[in-house]
Amino acid sequence: MRFKLFDSQAKAKEILEHNQPRLVRAGDKEICLLRSGESLFAFQNACSHMGENLHTGKVNYLNEIVCPLHTYRFNIKTGEEAQQRCGALKTYPITASSEGIFVEC
Ligand code: FES
């Protein structure tokens with residue numbers, strides 16, 4: 001399914017601070033949404049290790065989201081954990097059109 005996040009890229013940039021994760025709900029899914037520079041990323045909010053909320057984590061200098069519970073590190077594009085200590089996060093495509101910015105999940 002496709003869920004509208006923002007009216008425009010400019011609005012996304014205005015609302016989302018650089019590298020500050022945000023929790024969004026799309027249907028029955030909790031998604032961690034992140035703007036890094038001009039790019040938006042979306043992935044499951046529940047850490048694939050033991051389910052901690054990733055939107056309370058930090059983004060490090062390698063553009064990885066660091067889980068606050070056991071500090072596992074996940075690539076924000078691919079969802080892969082840096083040392084393969086657990087499964088990858090499910091990632092969700094972000095699409096843009098004249099109607100707005102959407103997440104596909
Ligand atoms: S719950 Fe996220 S690293 Fe353990």
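Both backbone and side-chain heavy atoms feed into the values below; hydrogens, waters and symmetry mates do not. In what follows, residues are counted from 1 in the order of the sequence shown. Both counts, for ligands and for their atoms, begin at 1 and track the order of listing.
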For this session: Look at His70 and state whether any of its N, O or S atoms is less than 2.8 Å from atom 4 (Fe) of ligand 1.
Result: yes

Problem set entry | N, O or S from His49 under 2.8 Å to atom 4 (Fe) of ligand 1 | yes

Exercise. Would Glu17 and Arg22 pass as an ion pair if we require N to O under 4.0 Å?
Worked result: no

Problem set entry | Stepwise side-chain contact (heavy atoms from CB on, under 4.5 Å) check, Gln9 with Ile101 | CA-CA 7 Å; Gln9 185 77 24; Ile101 308 292; 3.6 Å; yes

Exercise. For atom 1 (S) of ligand 1, which protein heavy atom lies nearest, and how many Å away is it?
Worked result: Met50 N, 3.3 Å

Which atoms from ligand 1 have a heavy atom of [X] less than 4.0 Å away?
X: Leu69; answer: 1 (S)
X: Cys67; answer: 1 (S), 2 (Fe), 3 (S)
X: Tyr72; answer: 3 (S)
X: Glu52; answer: 1 (S)

For this session: Taking atom NZ of Lys58 as the centre, report whether more than 12 heavy atoms of other residues, nucleotides or ligands fall under 6.0 Å from it.
Result: no

For this session: List the steps and the verdict of side-chain contact (heavy atoms from CB on, under 4.5 Å) for Val24 and Phe3.
Result: CA-CA 10 Å; Val24 295; Phe3 293 90; over 6 Å; no

Exercise. When rounded to the nearest 0.5 angstrom, what distance separates NE2 in His55 from CD in Glu30?
Worked result: 8.0 Å

Seminar exercise, completed: In terms of heavy-atom contacts, Leu89 and Cys47 come closest through CD2-CA, 4.2 Å

